[in-house]
> 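Shown below is the structure under consideration.
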Amino acid sequence: MGWGMENYKRYAIYLAPEPGPLADFGAAWLGWDAATGTGVPHPDVAGLTLPIDRITATPRKYGFHGTIKPPFRLAEGQDIAALHAAATELARNTAPITLDGLVLSRLGRFLALTPAGDAAPLAALAATFVQELDGFRAPLSDAEIAKRNPARLSPAQRALLDRWGYPYVLDEFRFHLTLTGPLDHADAAATEIALAPLLQPLITGPFAVNSLCLFGEAADGRFHNLHRYTLSG
């Protein structure tokens, strides 16, 4: 095809902040800019108890994003051109939404940006993309199921894993833009204190969700932002 979207191992629909200060900070913080497919020097952040490259090692390969439709292999008989066409049409019929803002949160052992206020419209948007594009998703392999540690999932999460290929969709969906890997309590607290003043001017006020992105996982495991779809419904 020659248009740069083929030959990726997996695809996903992510919410990636539009180009601007938040996107730039996220790319630098993680050390990977999925939009350009290049590494980015980390910023100097005072007060951290661990090196940034260690703090961000787990989420780095994915790029700065919030998951909408989790990564999946293409089903047999499907191709990226058809997925792209379907995602384009779905975005064309989906209205943009505006969140009250984003907040720096601790989710278990990691830090992330989460929605302020009512996140139900975003959850509904995500559910639409999960369900409407499911025909492009190959069934999970036994190894992929095992990677999700199904014995530790709730019955509802296990049912979602079996039906939709991921345990944290639909009723279990909790939108977040991941900032760190798992940290112990002290390191998480120090990182939160260090990040808060840097992020505050970038996340205060309404956060418009005007687009979603198609990401692809390259052979080396790094994710690339392949296309941005404008929500224009």
Side-chain angles (χ1 to χ4, degrees), residues 1 4-16 30-32 34 37 54 56-87 90-91 107-112 114 122-183 212-227 229:
M1 291 186 294
M5 292 189 192
E6 63 275 19
N7 300 323
Y8 286 86
K9 296 193 299 181
R10 294 188 297 168
Y11 295 92
I13 302 295
Y14 286 162
L15 193 168
L30 294 182
W32 175 251
R54 184 172 162 191
T56 58
T58 300
R60 181 174 305 120
K61 73 172 187 174
Y62 297 96
F64 188 49
H65 80 284
T67 299
I68 297 296
K69 182 169 180 61
F72 59 93
R73 292 177 292 105
L74 282 175
E76 187 173 350
Q78 297 287 9
D79 61 30
I80 184 54
L83 172 61
H84 175 55
L90 192 53
L107 303 178
R109 296 182 60 201
F110 67 95
L111 299 177
T114 60
L122 182 57
L125 182 154
T128 296
F129 276 77
V130 165
Q131 294 168 324
E132 293 297 322
L133 298 179
D134 193 61
F136 294 96
R137 179 182 63 83
L140 294 177
S141 67
D142 289 343
E144 288 170 329
I145 293 173
K147 188 177 179 183
R148 289 288 158 203
N149 207 346
R152 296 183 61 182
L153 298 175
S154 70
Q157 291 166 347
R158 180 58 204 258
L160 291 168
L161 177 67
D162 291 341
R163 175 61 185 88
W164 304 105
Y166 196 70
Y168 308 113
V169 294
L170 306 185
D171 289 344
E172 295 289 324
F173 176 75
R174 301 292 182 272
F175 179 79
H176 57 280
L177 294 140
T178 306
L179 292 166
T180 76
L183 301 170
L212 297 176
C213 297
L214 176 69
F215 274 53
E217 182 185 15
D220 64 359
R222 293 289 179 104
F223 279 74
H224 297 248
N225 189 343
L226 305 178
H227 189 82
Y229 303 100

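Computation of the quantities below employed the complete heavy-atom set of this structure, encompassing side-chain atoms and omitting hydrogens, waters and symmetry-equivalent molecules.
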> Output all residues satisfying side-chain contact (heavy atoms from CB on, under 4.5 Å) with Ala218, sequence neighbours left out; order by chain, then residue number.
Tyr8, Asp220, His224
> I'd like to check Pro59 versus Thr180 (side-chain heavy atoms, cut-off strictly below 4.5 Å). Are they in contact?
no
> Is there a side-chain contact between Tyr11 and Leu83 in this structure, where contact means two heavy atoms from C-beta onward sitting under 4.5 Å apart?
yes
> Nearest 0.5 angstrom please: Leu30 CG to Thr56 OG1, how far?
6.0 Å
> Just to verify, what does Arg54 make a side-chain contact (heavy atoms from CB on, under 4.5 Å) with, not counting sequence neighbours?
Leu50, Pro51
> Can you list the residues that meet the salt bridge (Lys or Arg N to Asp or Glu O under 4.0 Å) rule with Arg10, with sequence neighbours excluded?
Glu217
> Give the table of side-chain donor-acceptor pairs shorter than 3.5 Å for residues 122-137, with sequence neighbours excluded, one pair per line with atom names and distance.
residue, atom, partner, partner atom, Å
Thr128, OG1, Ala124, O, 3.1
Asp134, OD1, Arg137, NE, 2.8
Asp134, OD1, Arg137, NH2, 3.2
Asp134, OD2, Arg163, NH1, 3.1
Arg137, NE, Trp164, O, 3.2
Arg137, NH2, Arg163, O, 2.9

> Can you find a heavy atom in the side chain of Cys213 that is under 4.5 Å from one in the side chain of Leu15?
no
> On a heavy-atom basis, which atom in Ala91 and which in Tyr229 lie closest, and how many Å separate them?
CB-CB, 3.7 Å
> Return the set of residues passing salt bridge (Lys or Arg N to Asp or Glu O under 4.0 Å) with Arg73 (not counting sequence neighbours), or none when no residue passes.
Glu144
> Residues in salt bridge (Lys or Arg N to Asp or Glu O under 4.0 Å) with Asp79, at least two apart?
none
> For Pro155, give me all partners under side-chain contact (heavy atoms from CB on, under 4.5 Å), at least two apart in sequence or on another chain.
none
> Using every non-hydrogen atom in the two residues, find where Pro150 and Ala146 come nearest and quote the distance to one decimal.
CD-O, 3.9 Å
> Could you check whether atom CG of Asp142 has more than 12 heavy atoms from other residues, nucleotides or ligands sitting under 6.0 Å from it?
no
> Name all residues meeting the side chain to side chain donor-acceptor pair (under 3.5 Å) criterion together with Thr67; count only those two or more places apart in sequence or in a different chain, and write none if there are none.
His65
> Under the rule for side chain to side chain donor-acceptor pair (under 3.5 Å), what residues qualify as partners of Arg158, not counting sequence neighbours?
Asp162
> Identify, with sequence neighbours excluded, every residue that meets side-chain contact (heavy atoms from CB on, under 4.5 Å) alongside Ala34.
Trp32, Phe215, Asn225
> Between atom OG of Ser154 and atom CG of Leu161, what is the distance when rounded to the nearest 0.5 Å?
10.5 Å
> Kindly list each side-chain donor-acceptor pair under 3.5 angstrom involving residues 165-179, sequence neighbours excluded, with atom names and distances?
residue, atom, partner, partner atom, Å
Glu172, OE1, Gln157, NE2, 3.1
Arg174, NH1, Asp171, O, 3.2
His176, ND1, Arg174, O, 2.8

> With Tyr14, which residues qualify under side chain to side chain donor-acceptor pair (under 3.5 Å), at least two apart?
none
> Side chains of Ile80 and Glu6: closer than 4.5 Å at any heavy-atom pair?
yes
